[in-house]
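Take a look at the structure below.
Source: prediction; values computed, not measured.
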Amino acid sequence: ASAITSIRPSYSFSIKDSLALSEAHEWGYEKTRLWEHEDSASEKETPARRRSSAISLKDVNSRTTQLVFGMQDGKRVPKLKEPRSLYCVPRDIVLPRWPVGIDTICPQPDLTHNHIPPPFNEEFYKRPSGSNLRLLEKADTDKHEGTVVYQLPLMRFPFYTRSRPSAALETCSFPLPSYEDDVLRFESRFECANLFRARRVGPYEYELELRWDYFTMKHTQWFYFRVSNTKAGPTYKFTIINLLKSGSLYNEGMKPLFYSERNAKNKNLGWLRLGHNIHYYKNNIRRKDCKGERYQYSLTWQFQFPYNSDVCYFSHCYPYSYTDLQKDLLEIANDAVKSQYVKQRILCHSLGGNMVHLLTVTTPSTHLTEAKQKRAVVVTARVHPGETNSSYMMRGFINFITGSSPDAKVLRDNFVFKIVPMLNPDGVIVGNYRSSLAARDLNRNYKNPIKDAYPSIWSVKAMIRRMLTEREVVLYCDLHGHSRKMNVFMYGCENKDPGLRLQERVFPNMMGRNTSKFKYSSCRFKVQKKKEGTGRIVMWQQMGILNSFTMEATFAGYNNVHFNSRDLEDMGYHFCDTLLDYCDPDPSKVAHVLANLTRIVRAQYAAKMGKSIEDLGDLPLEDLDFSDLESSDGGSDSSVSDGPPKLPLLRKSKKKYKTRKERNQIHRQSKRRNSKQTSEPPKTKPQSLGGESSAAKDEKPAKIKMERRCSVSSAESPTTLAKQAHGVPKHAQERVEERQAKVNKKRRRFLV
C-alpha cells in the first residue's frame, strides 16, 4: 500500500508531458517488475487497511501489460508500453508481397559478392574514332524478326487490385520451350528484374524488350535479368530496343554491369563493368505512350562470356532489393551495441502491403531538457525503384551513423536522425524504374498526397509535421540517381528572403570541399513550377525547412572512372562529415563559405550582364536576380504529374463512431425533448366563424402530407415506406418499390 501511494503522484502529469517523457526516455528504460513489499506491521493493520492493500502492485501487473516502469533520478517513472505487435519490425525476413496476376516467382539470386567492389579502377569505354550513330538509327524497326526465346505473361488486370505474399518456387518452369542447346536461357521473374521478351535474331545476337512499369506504358531505363547456358568464346550481341530517354550516359563511356557466379566462386569478384561496341541511339519504333512523331531508343553492346554453362546477370546499376534491405536491418537489430541507439519501426505499409521501415538513430537521453535540445535530420531514399545507387548511399550513411567512430558519436549526441531507407518497396520488388503500383511517380505527389494511394508519402509528411512541433528539422535530404549527368550533386531551393540569401548553398558548397566526387558547379537551386510536387520543394514551402535537398548520384562515375558500390557508400560518410562542419558551434566556417559564395555569385551575375565586378559596386544581394544564372536542371522526362492514381476505387474512409459520452448526451437531449412534449397540453385555436375548428381544417393537409410521404425518393427502403405509408393505396407502394428495384439494379451493374 505504501508503494502504491508513492507511485500515485507520478500519474498526475498531462498527456503532453507523458509524450515528451516518452521521447526523452524511450531508449533508457528497462522493464522492471515491482514486487509487493511485506511489512512487519501489516499484521496489525485494520480490516479496511487490509482491503486497500489487497490491490497490490502484483495485481496491477497481472491485470495489465501496458505499464512499464523505468528509473529516473533514482525514482520509478511509469510509461505506456509500446504496441509492438502493431508497428515493430519482425525478427526475421518477411516474404515480399507481389501483385495478384504474377503467379510464378523464381528463387532470389544469391549474389554472395554483391557488395564487393573490384580491386581495380574501371575506366569508361572509349568509342573508336569515326563511329557514326546515324548509321544505326534505322537498324531496329517494329517489324520484329527472329524467334522468341523468352516472354513474360501479360498482366491480367489493367490496374492494381490486391497483393499476396509469394514464396519462390524451388523449380521455376521456363516460360517458353528451348529450341536448341546453344540458345541462351533468360530469366527475370525475381525481385528487381524487368526483362519482358527476348528474341533470337542471329546465332549469337539477341533483341531484348524491357517491361514497362506495371500498369503504365512508359518508364524504361533500368534493366536487370539473368542469363544461363552460356558459351565461352563467341561474341554475343545484345540490343534493348524500347528505351525512352533521348540522352544516356552510355554515349559518354558508361558500360553495363555484369556478374558471373563462377567468377564470384573462383576469383572472388562481384559486379564488373564490361562490354564493347556500346551505342545508344534512336531507332525507328514509334512510341505508344504519346502522340506525334516520337520514337524509342536502343542500347546495344557486345560481350564474351568467360565460362561455359555459367549463370550470369546483366544490370543497369548495382541491384539492391527489398530482401537486401531486410538483411541489412536485421544485422543492425541483432547487434547488441547498435540496437541501443537504433530504433526500427514500421512507418506504414505500402499499397501492396509491404513494410516501409523507419529508423530513429540517436543517443539515449537522460533528461527531458537534453532530449528537447536535439535537432532533427530527415533522410529518405529509393522513391524511384530503378535508382539503386541511392540505396548504396543510404547504406553508407546508415553504416557510418551507427558506427563506433568519434564523429558518429558526436552526431548521435546532438541530432535525432529519422531515416526511411526505401519509400517505394512495391516498385522495388516488381522491378519498376520510376512508378509505384498506383502507376504514378511518388516524387510528384508530395504536395497533396492521398493516404490510400501513396501511404509512404503521406506518412513521411505526417511524421515531419509532427516532429516540427517538438524540435527543429535542420536538414531534409532525399537520395536519388541521375541518368544524364556525371558526379554527385544536389538540387536545392533558392531562398529570396533578404536575411537568408545564399544560405541554402552553404551545405552543398561545403560538401564539394570535402570530396572531389561531389561537384558543386552541377548543383541547381531554381524552383521550377513543374517540380512543385517533389519532396524537396514541398518540405521547403509547406514545412519551412531551409536546407531541403535532393542529392543525385550519377549512374556512371567521374574523371572517366566508374563509380563502384564502395564509392557510393563513401558519399554517405561525406554527407555526415559535412553535417558536422555545417553545425559546428564555431560560426567561422559558415561565415567563410558565405563570403566565398557571395564573391562567386556576384562574379557570375556580372558576367551574365556583361559587366565587371567593379561596376556592381556595393549592390546588395537582395537586388540581384539569380534565376537567370542557372540553366535547366536536366531532370527526367516525367517531370509533370500524371494525375490521380490509377486505381479502380479508393477505399472509403471508415465510419466515425460516436463515443459513449456523445451517445449519452444525444439520449438525454431526446429524452428531455420527449418529456416536454408530453408535459405541455396541445394548444387549440378558437373556433372559426364557419363553425369548423382549426384542427379539422388541418386534417386535409395532414392527409396530403401522408400521401406525399409515401412517394418518397427511391433511396429509402421498402420497409421504411411500408411504415410511413400505412393506409395508403397499394399502387403507390408498388410504384415506389419498382423505382427502388431499378436503383438496386443500376448499383449492382456499377459494382460489377
Requested in this report: Taking atom CG of Asn266 as the centre, report whether more than 12 heavy atoms of other residues, nucleotides or ligands fall under 6.0 Å from it.
Outcome: yes
Requested in this report: Go through the side-chain N and O atoms of Gln304 and Thr235 and say whether any donor and acceptor fall under 3.5 Å apart.
Outcome: yes
Query raised in the report: Should Asn443 and Arg536 be marked as a side chain to side chain contact (heavy atoms under 4.5 Å, CB included) after you check the CA-CA gap, both sets of side-chain angles, and the distance that decides it?
Result: CA-CA 9 Å; Asn443 200 35; Arg536 125 183 102 90; over 6 Å; no
Report summary line: Applying side chain to side chain contact (heavy atoms under 4.5 Å, CB included) to Lys255 and not counting sequence neighbours gives Tyr125, Arg273, Ile278, His562
Requested in this report: Could you check Met551, Glu387, Arg382 and say which one makes a side chain to side chain contact (heavy atoms under 4.5 Å, CB included) with Leu479?
Outcome: Met551
Requested in this report: Inspect the contact between Lys265 and Asp310 and indicate whether a charged nitrogen and a carboxylate oxygen are less than 4.0 angstrom apart.
Outcome: no
Query raised in the report: For the side chain of Gln221 and the backbone of Tyr433, is there at least one donor-acceptor N/O pair under 3.5 Å apart?
Result: no
Report task. For side chain to side chain contact (heavy atoms under 4.5 Å, CB included), just list the numbers for Arg200 and Asp182, CA-CA rounded to whole Å, side-chain angles, deciding distance to a tenth of an Å, and then say yes or no. Result -> CA-CA 11 Å; Arg200 190 186 188 193; Asp182 59 345; 3.3 Å; yes
**Report entry** Test log, rule side chain to side chain contact (heavy atoms under 4.5 Å, CB included), inputs Trp222 and Ser315
**Finding:** CA-CA 8 Å; Trp222 159 263; Ser315 180; 3.5 Å; yes
Query raised in the report: Going by atom types alone, do Ser350 and Asp426 pair a side-chain donor with an acceptor below 3.5 Å?
Result: yes
Query raised in the report: Are the aromatic ring centres of Tyr392 and His115 under 6.0 angstrom apart?
Result: yes
Requested in this report: Verify the distance criterion only: is there a donor paired with an acceptor across the side chains of Tyr150 and Ser188 at less than 3.5 Å?
Outcome: yes
Query raised in the report: Quick one: does Glu207's side chain have a donor or acceptor within less than 3.5 Å of a partner on Val201's backbone?
Result: no
**Report entry** Donor-acceptor pair between Asp324 and Ser321 side chains, under 3.5 angstrom
**Finding:** yes
Query raised in the report: Are side-chain N/O atoms of Tyr322 and His357 paired as donor and acceptor at under 3.5 Å?
Result: no
Requested in this report: Going by the side chain to side chain contact (heavy atoms under 4.5 Å, CB included) test, name the single residue among Phe225, Tyr224, Phe258 that passes it with Tyr313.
Outcome: Tyr224
Query raised in the report: Taking 4.0 angstrom as the limit, do Glu209 and Arg199 come out as a salt bridge?
Result: yes
Query raised in the report: Does Tyr206 have its ring centroid less than 6.0 Å away from the ring centroid of Phe186?
Result: yes
Query raised in the report: Of Glu552, Lys245, His316, which is the lone residue that meets side chain to side chain donor-acceptor pair (under 3.5 Å) with Ser483?
Result: Lys245
Query raised in the report: Will you find, in the side chains of Arg287 and Gln296, an N or O donor that is under 3.5 Å from an N or O acceptor?
Result: no
Report task. Indicate, with yes or no, if the rings of Tyr214 and Tyr160 have centres closer together than 6.0 Å. Result -> no
Query raised in the report: Do Phe159 and Phe157 make the cut of ring centroids closer than 6.0 angstrom?
Result: no
Query raised in the report: Using the benzene-type ring in the case of Trp, are the ring centres of Tyr491 and His480 under 6.0 Å apart?
Result: no
Query raised in the report: Have Thr550 and Asp478 got a donor and an acceptor in their side chains that come within less than 3.5 Å?
Result: no
**Report entry** Centroid-centroid under 6.0 Å between Phe223 and Phe314 rings
**Finding:** no
